[in-house]
There are 2 protein chains.
Amino acid sequence: MKALKQRSTCPISTSLDVLGDKWTLLILRDMVFAGKSTYGQFLQSAEKMATNVLADRLAVLESQGILTKAVASDKKSKFTYRLTEKGVETVPIIIELILWGTKHGPAVVDPGLLEELQLGKDAAVEKYQRLAREKALA
Amino acid sequence: MKALKQRSTCPISTSLDVLGDKWTLLILRDMVFAGKSTYGQFLQSAEKMATNVLADRLAVLESQGILTKAVASDKKSKFTYRLTEKGVETVPIIIELILWGTKHGPAVVDPGLLEELQLGKDAAVEKYQRLAREKALA
DNA sequence: TCTTTACACTTGTAATTTGCAAGTAAATAT
DNA sequence: ATATTTACTTGCAAATTACAAGTGTAAAGA
C-alpha cells in the first residue's frame with residue numbers, strides 16, 4: 001500500500017502529488033497512445049525508465065485507482081494493466097502536454113497526430129478516450 | 001545556465017523534462033491564479049517548498065524562457081518574475097490538472113473558479129491567459 | 001551614523017529518490 | 001529436464017530533496 005503525502009488541498013497540488021514526476025504520465029501515454037499494457041512493454045519505451053522505478057509507479061497508479069492489474073488472459077506469468085475511468089480522464093492533461101511540447105519544445109511529432117489535434121482538440125480527446133475505454137474492456 | 005537533459009523527442013516527454021516535477025507547475029499556478037511575482041511570495045504557498053528548490057526551479061524556468069527576471073520597480077533588492085508567452089501557454093495544462101484533481105482527488109476547490117470552469121473551459125483558459133498577459137506587462 | 005529589517009538567495013548536511021547492474025522466482029516452451 | 005520468458009527485487013553509488021542556518025545587499029528606523 002503506497003501512501004501518498006498530500007501537500008495541500010489545492011487541486012493542482014493534489015494532482016501533482018500523483019502525476020507530478022518525470023515517469024508517471026509516460027506510462028499513461030504508452031497505454032493511451034501506444035496501446036501498451038504490460039511491464040515488459042513499458043520498459044521498451046525510448047526514455048528507458050529503470051525497472052524499480054517502473055514497478056514503484058505501477059504500484060502507486062494501482063493504489064490510486066488509476067489503473068488495475070490482472071493476470072493476462074494468455075499467460076499466467078504475465079500481468080495486464082488497464083486504465084480505469086480515472087486514468088482515462090488524464091487524457092486531456094496528456095493532450096495539453098503534447099500541444100505545449102510541440103509548440104515550445106525540441107519535440108519531434110507524429111504529423112498525423114498533430115494534424116488531428118490541430119483540427120480539433122476536443123474531438124481528439126474524445127477519440128483517444130474512447131479507444132482507451134475500449135482497450136480497457138479487452 | 002541550467003542544461004536540461006532531453007530523454008527523447010516525444011513531445012510529452014520533452015514537456016515533462018521541464019514541467020514534470022512536484023514544484024514547477026505550482027510556481028506557475030501562483031503566478032497565474034494568485035498574481036504572485038516574487039521569491040518571497042512563492043515561498044508563502046501552502047505547500048512550503050524549500051528555498052533551494054525554489055531558487056533552482058526559478059533558474060530553470062528562466063533558462064527555458066518560461067519566465068523572465070527583472071529588478072522590481074519599487075526596490076532594487078527585489079526581483080519581479082514575469083511569464084513569457086511560453087509560460088502563459090501552460091495555462092491549459094494547469095486548468096486540466098485542476099479539473100482532474102477536483103474530480104478525482106481529495107482537493108478542496110474554490111467554488112467560484114470551479115463554476116467558471118464548468119461553465120466553459122475554453123473561456124476560463126482565455127480569461128486567465130489574458131489576465132496573465134496583462135500582469136506580465138505591469 | 002549605526003543598527004535593524006526586508007529580501008533573495010547560498011551553503012551544509014542528512015534523508016530520500018533515482019539509475020544502473022545483477023539476481024530471484026514462477027510459468028512456459030523445447 | 002533444461003532453457004527461456006516475464007515480472008519483478010535487491011544492492012549500491014549518484015543525484016536530488018528537505019531542513020536549518022548563514023550570507024549579502026538595499027532600504028528603513030533610531
Side-chain angles (χ1 to χ4, degrees), chain A residues 1-8 13 16-27 30-31 34-64 67-82, chain B residues 1-8 13 16-27 30-31 34-64 67-82:
Chain A
M1 202 66 82
K2 279 273 168 186
L4 226 45
K5 100 173 66 159
Q6 186 183 332
R7 294 171 296 169
S8 79
S13 171
L16 293 175
D17 286 340
V18 188
L19 307 175
D21 76 284
K22 300 212 182 303
W23 298 110
T24 300
L25 285 165
L26 293 185
I27 296 174
D30 284 349
M31 297 184 82
K36 295 183 183 177
S37 61
T38 68
Y39 183 91
Q41 288 176 326
F42 298 133
L43 278 185
Q44 284 159 31
S45 299
E47 295 84 9
K48 298 289 165 206
M49 98 179 81
T51 58
N52 52 351
V53 174
L54 174 58
D56 178 82
R57 292 305 181 279
L58 287 172
V60 171
L61 286 169
E62 192 190 359
S63 79
Q64 294 301 309
L67 47 79
T68 58
K69 179 182 183 176
V71 173
S73 53
D74 56 334
K75 273 190 179 184
K76 277 188 189 165
S77 63
K78 216 168 147 184
F79 293 102
T80 299
Y81 294 93
R82 292 191 180 85
Chain B
M1 202 66 80
K2 279 272 168 186
L4 273 184
K5 99 174 66 159
Q6 187 184 330
R7 293 172 295 169
S8 79
S13 171
L16 292 175
D17 286 340
V18 187
L19 306 175
D21 76 284
K22 300 213 181 304
W23 299 110
T24 301
L25 284 165
L26 293 185
I27 297 173
D30 285 349
M31 297 184 82
K36 295 184 183 178
S37 60
T38 68
Y39 183 93
Q41 290 175 325
F42 296 132
L43 278 185
Q44 284 158 32
S45 299
E47 295 85 8
K48 298 289 167 207
M49 99 180 77
T51 57
N52 52 350
V53 173
L54 174 58
D56 178 82
R57 293 304 181 281
L58 287 172
V60 170
L61 286 169
E62 192 191 359
S63 80
Q64 295 299 310
L67 47 78
T68 59
K69 179 182 184 177
V71 173
S73 53
D74 55 334
K75 272 192 178 183
K76 278 187 190 167
S77 62
K78 215 169 148 184
F79 294 100
T80 298
Y81 293 93
R82 292 189 181 85

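Order of the sequence lines sets the chain letters (A, B, ...), proteins ahead of strands, with each chain counted from 1.
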Among [options], which nucleotide sits nearest the side chain of [X]?
X       : options               : value
B/Lys78 : C/dC7, C/dA27, D/dA27 : C/dC7
A/Phe79 : C/dC9, D/dC8, C/dC20  : D/dC8
A/Tyr81 : C/dA8, D/dA7, D/dC8   : D/dC8
B/Ala50 : D/dT9, D/dA27, D/dC19 : D/dC19
A/Lys75 : C/dA8, D/dC19, D/dT5  : D/dT5
A/Trp23 : C/dA8, D/dA26, C/dG19 : C/dG19

- Query: Between D/dT17 and B/Arg57, is there an OP1 or OP2 to side-chain N/O distance shorter than 4.0 Å?
  - Reply: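 B/Arg57 to D/dT17 OP1/OP2: side-chain N or O found under 4.0 Å.
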
- Query: So, is B/Lys69 close to the C/dC9 phosphate, meaning a side-chain N or O under 4.0 Å from OP1 or OP2?
  - Reply: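 Yes, B/Lys69 has a side-chain N/O under 4.0 Å of OP1/OP2 on C/dC9.
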
Mind calculating the distance between [atom1] ([X]) and [atom2] ([N]) to the nearest angstrom?
X       : N      : atom1 : atom2 : result
B/Lys22 : C/dT18 : NZ    : C1'   : 14 Å
B/Asn52 : C/dC7  : CG    : C1'   : 17 Å
A/Leu43 : C/dG19 : CG    : C1'   : 13 Å
B/Asp21 : D/dT16 : CG    : P     : 12 Å
B/Asp56 : D/dC19 : CG    : P     : 16 Å
A/Glu47 : C/dG19 : CD    : C1'   : 15 Å
B/Leu4  : D/dT16 : CG    : C1'   : 14 Å
A/Lys76 : D/dA7  : NZ    : P     : 16 Å

Would you check if [X] and [Y] make a side-chain contact, meaning some heavy-atom pair closer than 4.5 Å?
X       : Y       : value
A/Leu26 : A/Phe42 : no
A/Trp23 : B/Arg7  : yes
A/Lys69 : A/Leu58 : no

- Under the 3.5 Å rule, do the base of D/dT6 and the side chain of A/Thr38 count as making a donor-acceptor pair?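 No, the side chain and the base share no sub-3.5 Å donor-acceptor pair.
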
- If you pin B/Tyr39 and A/Met49 to their nearest nucleotides in DNA chain C, which one's is more 5'?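 It is B/Tyr39 whose nearest nucleotide is closer to the 5' end.
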
- Query: Does A/Ser77 or A/Val53 map to a spot on DNA chain C nearer the 5' end, using the closest nucleotide for each?
  - Reply: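 Checking each residue's closest nucleotide, the 5'-ward one belongs to A/Val53.
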
- Message: Here's a test of your reading of the structure: between A/Lys5 and A/Ala55, which maps to the more 5' nucleotide of DNA chain D?
- Response: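 Result: A/Ala55.
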
- Item | A/Glu47 versus B/Ser8, closest heavy-atom pair with distance |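 Result for this residue pair: OE2-OG, 2.7 Å.
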
- Task: Heavy atoms only: give me the nearest A/Leu16-B/Asp21 pair and the separation to one decimal.
- Result: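 Shortest heavy-atom separation between A/Leu16 and B/Asp21 comes out as CD2-O, 4.3 Å.
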
